[in-house]
Amino acid sequence: MDATAVLAWYDRHARDLPWRVSPADRAAGVRPDPYRVWLSEVMLQQTTVAAVKKFFLRFTSLWPTVFDLAAAPLDSVLKEWAGLGYYARARNLHACAEAVVRDHGGVFPQTSAGLQTLPGVGAYTSAAIAAICFDEKIAVLDGNLDRVLARYYALPVPVREAKDELRAALQASVPQRAGDFAQAMMDLGATICAPRTALCMLCPIQRGCIATEAGDPTVYPIKPTKAERPVRKGHAYVMLDASGDVYLQSRPDKGLLAKMTEVPGSDWAADLPDANYPAQGDWRHRGQVVHIFTHFRLELEIWSATVPAETLDGGWWTEPAALKSEALPTLFRKVLATAGLE
DNA sequence: AAATCGGGGAT
DNA sequence: ATCCCAGATTT
């Protein structure tokens, strides 16, 4: 692969992103802040640039350094992460900040191997930080690169079955400007060699792309057959006290939406469980919420009632106006909205 | 190797 | 409605 052509393209067409040092600034000697690069990379795991931007700006405003983030309570980190999804990332983010401060004096390790020992930092993220911050010559292989390389080599099998070969091929192409190259290839995948469209006429590596020579690059990557999404059903109970405050509680420490805030509810099962109200009240059915998770579809029946406050314990009461500052995942924001709140 | 773990933007 | 995103961790 022609890394020189990729870098020349990047010098002209690099995306302007809040966590990025532009190629011109890098050439002038500006180095990226590993804290900001790490934070952005964790947020970007399985998450689009568009969705991440405002969270990144909020986090760096609240916590400008790794010391600030390590000193923050986990609860406040989860609250700010609410809505971004994959909440294990937020818990690992906080644990990682603590580890960097406690074990590394607040300085991120400067190699991919060192970085990968940190919580929530795996093969991709460690390589990305090492390349972007320290120009380590290492293959940075994310979902974009999977697609670009699958097309470039007309990979005849799903990417998962040839990950090591793709990584080796990419590794052999990494130039001196390893950080710019990694970001260039990701920009290429995001803007030129996109999932449904390939703008091959604009692509700096069109020459050499086997799928393009063969005709239609978008037939790659070959997709593995996907399992269908099962349906789970349940009830959610929105309780108000006499003053209109809402009853909230914390989810368990492990599993889906762990440690996030919720309203009480039933189990989620293939067959709708019987309604079992958590307190006596004027229960009314308010509608249904459908929420799509990665591995199942959830259909919740939404109930609300005014109940005596003293009959409940384990959770807390919140004014409706204060709901925005609770660690509520999107699912439960939809539940509350259906019950007439928010 | 397969399952788990969210949410939204683009099409 | 489907696809898939700057994946990591657990089983």
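First the proteins, then the strands, lettered A, B, ... as listed; each starts at 1.
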Between G234(A) and P273(A), which heavy-atom pair has the shortest distance, and what is it? CA-CD, 4.0 Å

Integer-rounded Å distance: [N] [atom2] and [X] [atom1]:
X	N	atom1	atom2	value
R91(A)	dT9(C)	CZ	P	12 Å
L115(A)	dG7(C)	CG	P	17 Å
Q183(A)	dA6(C)	CD	P	13 Å
L188(A)	dC5(C)	CG	P	14 Å
D142(A)	dC4(C)	CG	C1'	12 Å
L141(A)	dA8(C)	CG	P	11 Å
D146(A)	dC3(C)	CG	P	17 Å
N144(A)	dC3(C)	CG	P	18 Å

Pick out which of L166(A), L170(A), L188(A) makes a side-chain contact (heavy atoms from CB on, under 4.5 Å) with L145(A). L170(A)

How about F181(A) and V140(A): do any of their side-chain heavy atoms sit closer than 4.5 Å? no

For a 4.5 angstrom cut-off between non-hydrogen side-chain atoms, does V335(A) reach E262(A)? no

When you compare dT11(C) with dG6(B), how far apart are their P atoms, in angstrom units rounded to a whole number? 15 Å

For atom P, what is the distance between dT4(B) and dA6(C), given to the nearest Å? 25 Å

Parallel, tilted or perpendicular: which one describes the rings of H235(A) and W303(A), with boundaries at 30° and 60°? tilted

Parallel, tilted or perpendicular for F59(A) and W63(A), by the 30°/60° rule? perpendicular

Under 3.5 Å, is there a donor-acceptor pair linking the side chains of T338(A) and R286(A)? no

Salt-bridged, [X] to [Y], with N to O below 4.0 Å?
X	Y	result
D75(A)	K259(A)	no
R297(A)	E299(A)	yes
R167(A)	D146(A)	no

OP1, OP2 of dC4(C) versus side-chain N and O of K223(A): anything below 4.0 Å? yes

Please determine if a side-chain N or O atom of S40(A) lies less than 4.0 Å away from the OP1 or OP2 oxygen of dA6(C). no

Any chain of hydrophobic side-chain contacts (each under 4.5 Å) joining L336(A) to Y277(A)? no

Of T125(A) and P195(A), whose closest DNA chain C nucleotide lies nearer the 5' terminus? P195(A)

At a heavy-atom distance below 4.0 Å, what parts of residues 6-23 of chain A sit against DNA chain C? R15(A), L17(A), W19(A), R20(A)

Please give me every residue in residues 153-165 of chain A whose heavy atoms get under 4.0 Å of an atom in DNA chain C, ordered by residue number. none

Check every strand shown and say whether V49(A) touches a base, only sugar-phosphate, or nothing at a heavy-atom separation below 4.0 Å. base

Looking for any heavy atom pair under 4.0 Å, which part of the strands does A190(A) touch: base, sugar-phosphate only, or nothing? nothing

What string of B, S and - do you get for nucleotides 5-11 of chain B 5' to 3' if you count protein non-hydrogen atoms under 4.0 Å? BBBSS-S

Over-ring placement of R232(A) relative to F296(A), 6.0 Å and 45° cut-offs: yes

